[in-house]
Amino acid sequence: MPKKITTKNPYNQNKLNEYDFHNEKQVESILSLSENVFYDWRTKPIKDRAKLLENLIIILKDNIDDYANLITAEMGKPISQSKSEIEKCIWLCNFYKENAQRFLSDEMIDTEAEESFISYDPLGTILAIMPWNYPFWQVMRFAVPTLTAGNTALLKHALNVTGCALIIEDAFEKAGYPKGCFQTILINHDVIEDVIADERVKAVSLTGSEKAGKSVAKIAGKHLKKCVLELGGNNACVVLEDADLNKYLDVIINARMQNTGQSCIAAKRFIVEESIYEEFLEKFTSKIKALKEGDPNDKDTDITILARTYLAETLKNQVSDSIAKGANIHYGNSQKNAYYQPTVITEVKPGMPVFDEETFGPVAAITKVSDKGEAFKLLANSRFGLGTMIFTENKKYIKERIFEIPDGALFVNEMVKSDPRLPFGGTKASGYGRELSKEGILEFVNAKTVYLK
C-alpha cells in the first residue's frame, strides 16, 4: 500500500498535493471525538441544527469558485459543471433548512394511550464511503440530512479527491458545526473493515461500484449494522415514436454526456422505436459531434478527459467486446490515455457489455425496437435498477405501466437526476436505501415508539 496520498490533475498529470494517511492513533482519536461530540450534538434542538445550514450556504456561495476549481483540478469535471455542483449543494442546504423540523418532529399516533408517538432519534456516528465523480454533491447529500438529524459523520472519500474531502470538513467547521461533528478520515480500503466494525460506528452509507457495495454490505451485515448503498446503473433511455426530438434532444444528450458520462444515473442504453430510429440517430449523432471537447478549465468545454486512464481502458474493452459480438461503431471510439472520444454504437443487443454492464464514460449504446412492447421488455432487462427515462407525448400510456418499471426512479421527458425534494436510490444491483427528501433524512434515525398511559 502507498505510504502517502498523491493527487494529480487528470488533464495534464501535474501533481496537485501530497497527504499523509491517518495512522492507527489518529483514527482512534477521530472515532473517539466523533462519539463524544455526538452526545452533545444530539441534544441540540432541530431548529438550531438546521439553522447552521444558513452558515453553510454562505460558505458555499463565498467559495464557489475555489471549490469548483478544486473539483476540476482533482477529477477533471468541466468547470461550468463543477460550479453547478456547488450550486446544487446550496439548493440541498436550503431544502433541509426549510424542511428538517417538519421531517424530524414527533409523529403523533392515536391509540388507547394518553399519548403515543414516534420519536425520530439520531443513531450516532455514521460512516460515509464516497466516490470521486461528484466529490462535493455525493458527500453533501449524505452529510446535510445526516448531521441535521443529530448524528455525527465520518467521511472516507476517494483518494484522488482528498483535497475536496478536507475542504468539505473545513466548510462545516467554518459554518459553526462543532469540531468533530464532521470529520474526514484518510485511510485506505484495507482499514475500512476495522472502522465499520468499531462499536462507535452505528451505520454506513456507500456510493460506489457494485463490487464495493457487496463488500461493505457483507462487513456491515457481519456486525449487524445498517447500510445504505447507492451503486451502479445502466439506465435505459427509451425514445418512443411520438417523442418530441426538437424539444428534448438536448436533454437526451445531457443525460449521457454530462460529467463526461461518468455518472451512475446517466442514460446508457438508448432504446428507440424503429419508426423514429433513423431521425433520432441522425440528430443525436449530429449533437454529439457538436460537443466542445478540450480543457476542463475552459467554461465552454462540454466533454473532457475521464478521471483516470484505467476508466478509458475499461470502456475501450467493453466497446471492443461488444463489436466482437455484432455491435457497430456509428461514430467515435478513439481512446488515448484518459481521453475517450464521445461514441455512438448501434445494433446493440442483450448479451453485449455495452447493454449488460455499466459503461462509465461517453459511450451511447443504441438499440432499435419494433414497438412499445419490446421497448418495455428491454428496459427492464437489466441487473441494475437505478432509473429509467422515457420520452413520449403519451403520458397516459406510461402512467398505466409504471408497475412494469422495476427501478428506483422513472422520469418522463426528463433525464434521471437527483433532486433534494425527491427520494433517490435503486433496486437490484443498484443497491438499496434512499437518500434525499424525507426518506433520506430518516435513514439514519431510530423510529422509536413512545407510549404513555
Side-chain angles (χ1 to χ4, degrees), residues 22 26-60 89 92-107 117-130 136 138-157 165-186 195-196 198-205 225-228 420 433 435-436 438-448 450:
H22 285 138
Q26 289 171 311
V27 170
E28 167 59 31
S29 177
I30 288 168
L31 285 164
S32 179
L33 178 59
S34 186
E35 181 184 45
N36 290 336
V37 169
F38 166 69
Y39 292 122
D40 182 59
W41 177 244
R42 68 178 179 177
T43 67
K44 302 293 184 187
I46 298 167
K47 63 179 178 59
D48 291 349
R49 298 196 296 257
K51 191 170 179 59
L52 285 176
L53 293 173
E54 294 178 4
N55 300 341
L56 188 57
I57 288 166
I58 293 170
I59 298 295
L60 292 170
C89 293
L92 171 82
C93 293
N94 269 308
F95 174 77
Y96 280 111
K97 177 174 71 73
E98 297 297 329
N99 293 286
Q101 179 84 41
R102 177 167 58 89
F103 292 159
L104 295 168
S105 293
D106 294 344
E107 182 179 346
F117 56 91
I118 303 169
S119 176
Y120 297 106
D121 301 343
L123 298 178
T125 295
I126 314 298
L127 172 66
I129 303 169
M130 291 291 144
F136 266 70
Q138 304 276 21
V139 174
M140 287 293 188
R141 77 184 192 192
F142 153 78
V144 167
T146 299
L147 294 176
T148 306
N151 301 291
T152 53
L154 299 179
L155 168 64
K156 191 292 179 208
H157 217 329
L166 292 170
I167 209 71
I168 292 171
E169 178 180 333
D170 179 69
F172 276 107
E173 289 190 7
K174 284 180 176 175
Y177 286 78
K179 187 172 180 60
C181 201
F182 178 98
Q183 296 177 89
T184 287
I185 185 167
L186 301 181
V195 174
I196 295 175
D198 192 288
E199 63 180 11
R200 290 164 291 192
V201 173
K202 304 305 181 186
V204 188
S205 178
K225 295 185 181 182
K226 181 177 183 177
C227 57
V228 170
E435 296 179 298
L436 304 175
K438 180 178 180 180
E439 283 75 9
I441 202 170
L442 296 182
E443 281 286 4
F444 297 119
V445 299
N446 172 21
K448 181 188 296 178
V450 180

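Quick caveat, the model's predicted, so the values are computed rather than measured.
By the 4.5 Å heavy-atom criterion applied to side chains, Leu186 and Gln26 are not counted as neighbours. Counting only heavy atoms from C-beta outward, the side chains of Leu147 and Cys181 approach each other to under 4.5 Å. Counting only heavy atoms from C-beta outward, the side chains of Lys202 and Phe444 never approach each other to under 4.5 Å. For the pair Asn99 and Arg102, the minimum side-chain heavy-atom distance is below 4.5 Å. By the 4.5 Å heavy-atom criterion applied to side chains, Leu31 and Val27 are counted as neighbours.
Residues passing the side chain to side chain donor-acceptor pair (under 3.5 Å) test with Glu107, sequence neighbours excluded: Tyr120. For Ile59, the side chain to side chain contact (heavy atoms under 4.5 Å, CB included) criterion is met by Asn63, Tyr67, Ala171, Lys174, Ala175, not counting sequence neighbours. Listed by chain and residue number, nothing satisfies the side chain to side chain donor-acceptor pair (under 3.5 Å) test with Lys44 (two or more places apart in sequence, or in another chain). Not counting sequence neighbours, the partners of Glu28 by the salt bridge (Lys or Arg N to Asp or Glu O under 4.0 Å) test are Arg200. Judged as a side chain to side chain donor-acceptor pair (under 3.5 Å), and not counting sequence neighbours, Glu199 has no contacts. In this view, Gln101 and Ile46, Lys47, Ser105 satisfy the side chain to side chain contact (heavy atoms under 4.5 Å, CB included) rule, not counting sequence neighbours. Residues satisfying the ring pair (Phe, Tyr, Trp, His ring centres under 6.0 Å) test with Phe172, not counting sequence neighbours, are Tyr177, Phe182. With sequence neighbours excluded, the residues satisfying side chain to side chain contact (heavy atoms under 4.5 Å, CB included) with Leu33 are Val37, Gln183. Under the rule for a salt bridge (Lys or Arg N to Asp or Glu O under 4.0 Å), the partners of Lys226 that lie at least two apart in sequence or sit in another chain are Glu443. Residues satisfying the side chain to side chain contact (heavy atoms under 4.5 Å, CB included) criterion with Ala165, sequence neighbours excluded, are Leu155, His157, Thr184.
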As a quick check of understanding, evaluate side chain to side chain contact (heavy atoms under 4.5 Å, CB included) for Glu54 and Lys97, giving each step before the final call.
CA-CA 7 Å; Glu54 294 178 4; Lys97 177 174 71 73; 3.1 Å; yes
Walk me through it: do Asn94 and Ile57 pass the test side chain to side chain contact (heavy atoms under 4.5 Å, CB included)?
CA-CA 8 Å; Asn94 269 308; Ile57 288 166; 3.3 Å; yes
Just do the side chain to side chain contact (heavy atoms under 4.5 Å, CB included) check on Phe136 and Ile167 with the steps written out, would you?
CA-CA 10 Å; Phe136 266 70; Ile167 209 71; 3.4 Å; yes
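To the nearest 0.5 angstrom, Leu52 atom CG is 8.0 Å from Asp48 atom CG. A distance of 9.5 Å separates CG of Asp198 from CG of Leu154, quoted to the nearest 0.5 Å. One distance of note links CD of Glu439 with CG of Leu442; it measures 7.5 Å at 0.5 Å rounding. The distance from the CD atom of Glu173 to the CG atom of Leu56 is 12.0 Å, given to the nearest 0.5 Å. Atom SG of Cys227 sits about 8.5 Å away from atom CD1 of Ile196, to the nearest 0.5 Å.
Ala100 and Thr148 make their closest contact through CB-CG2, 3.5 Å (heavy atoms, listed as atom of the first residue, atom of the second, distance). Nearest heavy-atom pair, Ala153 versus Phe142, reported as atom, atom and distance to 0.1 Å: CB-CE2, 3.8 Å. For the residue pair Leu60 and Cys93, the shortest heavy atom distance occurs at CD1-SG, 4.1 Å.
Evaluation of the salt bridge (charged side-chain N to carboxylate O under 4.0 Å, His left out) test over residues 139-157, restricted to residues two or more places apart or in two chains, returns Arg141-Glu230, Arg141-Glu435.
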Side-chain donor-acceptor distances from residues 121-130 under 3.5 Å, at least two apart:
unit_1 : atom_1 : unit_2 : atom_2 : d
Asp121 : OD1    : Ser119 : OG     : 2.6
Asp121 : OD2    : Lys448 : NZ     : 2.7
Thr125 : OG1    : Ser34  : OG     : 2.8
Thr125 : OG1    : Thr152 : OG1    : 2.9

